[in-house]
Amino acid sequence: MSSIVLGVSGGVAAYKAALLLRAFTEAGHDVRVVPTPGALHFVGAATFEALSGNPVTTDVWSDVPEVAHVRIGQNADLVVVAPATADLLARAAIGRADDLLTATLLTASCPVVFVPAMHTEMWLHPATQENVATLRRRGAVVLPPAVGRLTGPDSGPGRLPEPADIAALAGVVLEHGAGALAHDLSGRRVVISAGGTREPLDPVRYLGNRSSGKQGWALARVAAARGAEVVLVAANVEVPAPFGVRVVPVGTAEELRTAMHAEAKEADVVVMSAAVADFRPATEAATKLKKGSAAEPTAVPLARNPDVLVELVAERAPGRLVVGFAAETGDDEGDVLTHARAKLARKGCDLLVVNDVSAGQVFGRPDNAVVVLGADGSVTDVPHGGKDAVAAGIWAAISTRLGASRGTD
Ligand code: CTP
């Protein structure tokens, strides 16, 4: 159980802080909510007290013997400010201590995550952008706001990301520190495939696979948090898009191939995490195959699908990184890493994210979930963790390689 301070500043998105608080307490954390006086115009202290089980104060004059303005920050493992208004970001950047939340920010030595929410004009104003840059330079995580419907009829960047996205990313920072969400992909365009393709047999049946798309979703969420422009080519995944991510839905391997070729044109990084069917039924019946009919099949002839990863490698522009995924097991012919190195060479990609799927074996070390192999011979262990934490480890490996290739462009 960790000790989280949830700072809430005065924007209409403060109502979502109650859901975020709920997500933190359900994950077993002890949460102390510190609203600004403005936040209490939107959500009452009673809501935060009931959901957190802790007292809620906004100023430094309450609970004076507790020295709350010092203790709350000192005792925290993580501070998350959601929503962070333009005014809160400005006060934090200057180092003001004019309410309990800003005083807490000055006494906290743990990682701090700001989740901005405001009108687009306020977000894009140079004053706000400079404040954000200042906070990032000092080591804080400032998530980019989501794009979408704002209060009133307006739409644009400035929305608070969904509480589930914030909770997942806060969990990564809690586990691995603020560096796990470094703002190092700003100006980069990233295209990720996720999910599993379905290959139709007739209008109602298909050959599919069990891929949930969760790892691809986490990769997209973390890339967006690290500042990238993200496109997610999603094969049959029915969950809402992570914040700041454009989703291109596809069904079959052929549709995924077309979408990836189109989206990858301007990409700096292409990640093929989708489970693409190697085979499809050789013919797709135009009408349902009925049992007992003349068309009842006794076998399903298969045709080979193109290898999209190999094609994306072949058309790779200079400086673009292409990342493949591989699920491997060891066998008589070699261990997991031997097979993975052979696959990396065969596919020709720059990096290969390797999952050991043999029962109970994780590359000889129980705390490893994936290994990222580089065509340059590099080997990066990504420690065992949730899908977002693993995604952060994968992005760290990609970012290192991206920095190295930018240097040689
Ligand atoms: N992949 C692809 N197109 C396909 C099949 C796979 O782009 N038709 C991509 C996957 O998205 C993944 C990588 O290739 O990034 C590895 O997939 P895998 O199925 O492990 O590779 P295969 O070549 O099918 O290897 P194996 O012989 O082990 O089945």
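One-based numbering, in listed order, for ligands and for the atoms of each. FYI, side chains are in, hydrogens and waters are out, and symmetry mates aren't considered; it's all heavy atoms of this structure.
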Give the C-alpha distance, both sets of side-chain angles, the deciding distance and a yes or no for salt bridge (charged side-chain N to carboxylate O under 4.0 Å, His left out) between Lys288 and Asp202. CA-CA 5 Å; Lys288 188 179 172 191; Asp202 70 11; over 6 Å; no
Looking at Val5, Leu20, Val141, which one forms a side chain to side chain contact (heavy atoms under 4.5 Å, CB included) with Val80? Leu20
Can you pull out every salt bridge (charged side-chain N to carboxylate O under 4.0 Å, His left out) where at least one residue sits in residues 121-148? Sequence neighbours excluded, please. none
Hey, are the side chains of Phe114 and Leu105 touching, using non-hydrogen atoms and a 4.5 Å cut-off? yes
Applying side-chain contact (heavy atoms from CB on, under 4.5 Å) to Val147 and not counting sequence neighbours gives Pro157
Sequence neighbours left out, what pairs pass salt bridge (charged side-chain N to carboxylate O under 4.0 Å, His left out) with at least one residue falling in residues 229-245? Arg189-Glu229
Would you check ligand 1 and list the protein residues that come within less than 4.0 Å of it by any heavy atom, ordered by chain and number? Met272, Ala274, Val276, Ala277, Asp278, Pro306, Asp307, Val308, Leu309, Gly324, Phe325, Lys343, Arg346, Lys347
